[in-house]
2 protein chains.
Amino acid sequence: MFSNSSKYALKAVLYLAVYSSESNKILAKNISEPINVPQAYIAKLLQELSRHNIVSSTRGPNGGFYINAQNREIPLIDIVSVIDGANRLNSCLLSVQNCNNEKPCPLHSFADPFRTDLINNLKKNTIGDMAKDIESGKSFLPL
Amino acid sequence: MFSNSSKYALKAVLYLAVYSSESNKILAKNISEPINVPQAYIAKLLQELSRHNIVSSTRGPNGGFYINAQNREIPLIDIVSVIDGANRLNSCLLSVQNCNNEKPCPLHSFADPFRTDLINNLKKNTIGDMAKDIESGKSFLPL
DNA sequence: ATTAAAACATGATATAAGTCATATTTAGGA
DNA sequence: TCCTAAATATGACTTATATCATGTTTTAAT
């Protein structure tokens, strides 16, 4: 579904959304441990997200990564799109070229409502929305 | 979601279910073209499925692969399990260890009902069921 | 029996995904 | 202004997945 990289990126961004701010930046190496992802790897992913203005960062002493008000409004789908490419989620379960409701592959009816709904949720829900869920105890971040 | 190998395997099995029989075996190289999969690769996958009694085969002249009545009753999930392993479908969207309804990850509610549904469908529907759908024009096999 | 056609088994190669390491650039504080 | 802490950029390495190739065994027909 998602690549490992996207999963890591989502976790890291949500961690930042909950625990960081403009006045409380977090180092890549300090994100690594709580979300259980190798630090060099998460650093690389955060750099990529930073380049696309999905997370914020400053270099030098007291620098680090953080989520600002503007980042908070970004929908989750953008994270996945940057890391995995925009159309990874669009392909049919059997990777049949023109699989659609008119000419469905044999598994189309099992999967299509699922994927459509998932994509809509990823478009609708922002980083900030998810952070609120975590803060209110509706959902949990590992570990 | 599925690996390419599983997708190929599913396509090949469904192709056999529609076009083969005990008296009409099909060569690996003749499956390759209609389902758009390299022939050496599909041969390997069919051998694996044959070892697990999901497809039938006989060697020698007039041999080939085919689906018999017993194979026809096998649920689709078995194909995926043999190729991808049993628990690939079970993991949460973020690969959070103990993600469940009590302690859901932030994306749990987006994905869980659908994954459950997909798995149930793969368990419930057999190779024969899918073949019927194709034969009755309810669904289509590439190309 | 001999031969040929096919699956079967095994391993080699290629490509992509994931992980790690190092050097460079930027920014703040002494 | 100089030093240090951090992100950034780049590339090397590792592992998993996908693909290809070759030799071996089984089966049926002659």
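Protein chains get the first letters and strands the later ones, always in sequence-line order, with residue 1 at the start of each.
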Checking the side chain of Ser20(A) only, and the main-chain atoms of Ile67(A) only, is there a donor and an acceptor separated by less than 3.5 Å? yes
How many whole angstroms separate atom NZ of Lys25(A) from atom C1' of dA27(C)? 10 Å
Counting the atoms with a prime plus P, OP1 and OP2 as sugar-phosphate, which does Ala28(A) contact under 4.0 Å by heavy atoms, base, sugar-phosphate, or nothing? sugar-phosphate
Atom pair distance, as rounded to whole Å: CG in Leu16(B) and C1' in dA7(C): 13 Å
Distance-only, no hydrogens or angles: does the Arg88(B) side chain make a donor-acceptor pair with backbone N or O of Met1(B) under 3.5 Å? yes
So does Ser57(A) get a side-chain nitrogen or oxygen closer than 4.0 Å to the phosphate oxygens (OP1/OP2) of dT8(D)? yes
Counting only side-chain nitrogens and oxygens, does Arg51(A) get under 4.0 Å of the OP1 or OP2 atom of dA9(D)? yes
Atom pair distance, as rounded to whole Å: CG in Leu27(B) and P in dC8(C): 12 Å
Expressed as a whole number of angstroms, how long is the span from Gln39(A):CD to dT19(C):P? 13 Å
Looking at dA17(C), I'd like to know if its phosphate oxygens (OP1 or OP2) sit under 4.0 Å from a side-chain N or O belonging to Ser3(A). no
Phosphate oxygens OP1/OP2 of dT19(C): is one of them under 4.0 Å from a side-chain N or O of Tyr8(A)? yes
Treating Arg72(B) as the side-chain partner and Thr126(B) as the backbone partner, does any N or O pair qualify as donor plus acceptor under 3.5 Å? no
Sugar-phosphate only, base, or nothing, as touched by Lys44(B) at under 4.0 Å among non-hydrogen atoms: base
Would you kindly give the CG-to-C1' distance between Asn30(A) and dA6(D), to the nearest whole Å? 12 Å
Does OP1 or OP2 of dT17(D) have a side-chain N or O of Tyr41(B) closer than 4.0 Å? no
Which sits closer to the 5' end of DNA chain D, Lys29(A) or Val37(B), going by the nucleotide each is nearest to? Lys29(A)
Mind calculating the distance between CG (Asn4(A)) and C1' (dA17(C)) to the nearest angstrom? 9 Å
Would Ser139(B) and Asp133(B) count as having a side-chain donor-acceptor pair, cut-off 3.5 Å? no
Under 4.0 Å between a side-chain N or O of Ser50(B) and OP1 or OP2 of dC8(C)? yes
Side-chain donor or acceptor of Asn71(A) paired with backbone N/O of Asn68(A) under 3.5 Å: yes
Does a nitrogen or oxygen in the side chain of Asn62(A) sit under 4.0 Å from OP1 or OP2 of dG28(C)? no
What is the distance, to the nearest angstrom, from the CD1 atom on Ile83(B) to the C1' atom on dA18(D)? 13 Å
Do Arg59(A) and dT8(D) share a donor-acceptor pair, side chain to base, under 3.5 Å? no
Treating Ser136(B) as the side-chain partner and Lys132(B) as the backbone partner, does any N or O pair qualify as donor plus acceptor under 3.5 Å? yes
From dG18(C), dC20(C), dC8(C), nucleotide with atom closest to Pro38(A) side chain: dC20(C)
Could you check whether Leu46(A) gets within reach of a base, just the sugar-phosphate, or nothing at all, counting any heavy atom under 4.0 Å? nothing
Nearest-Å distance, CD (Glu48(B)) to C1' (dC8(C))? 12 Å
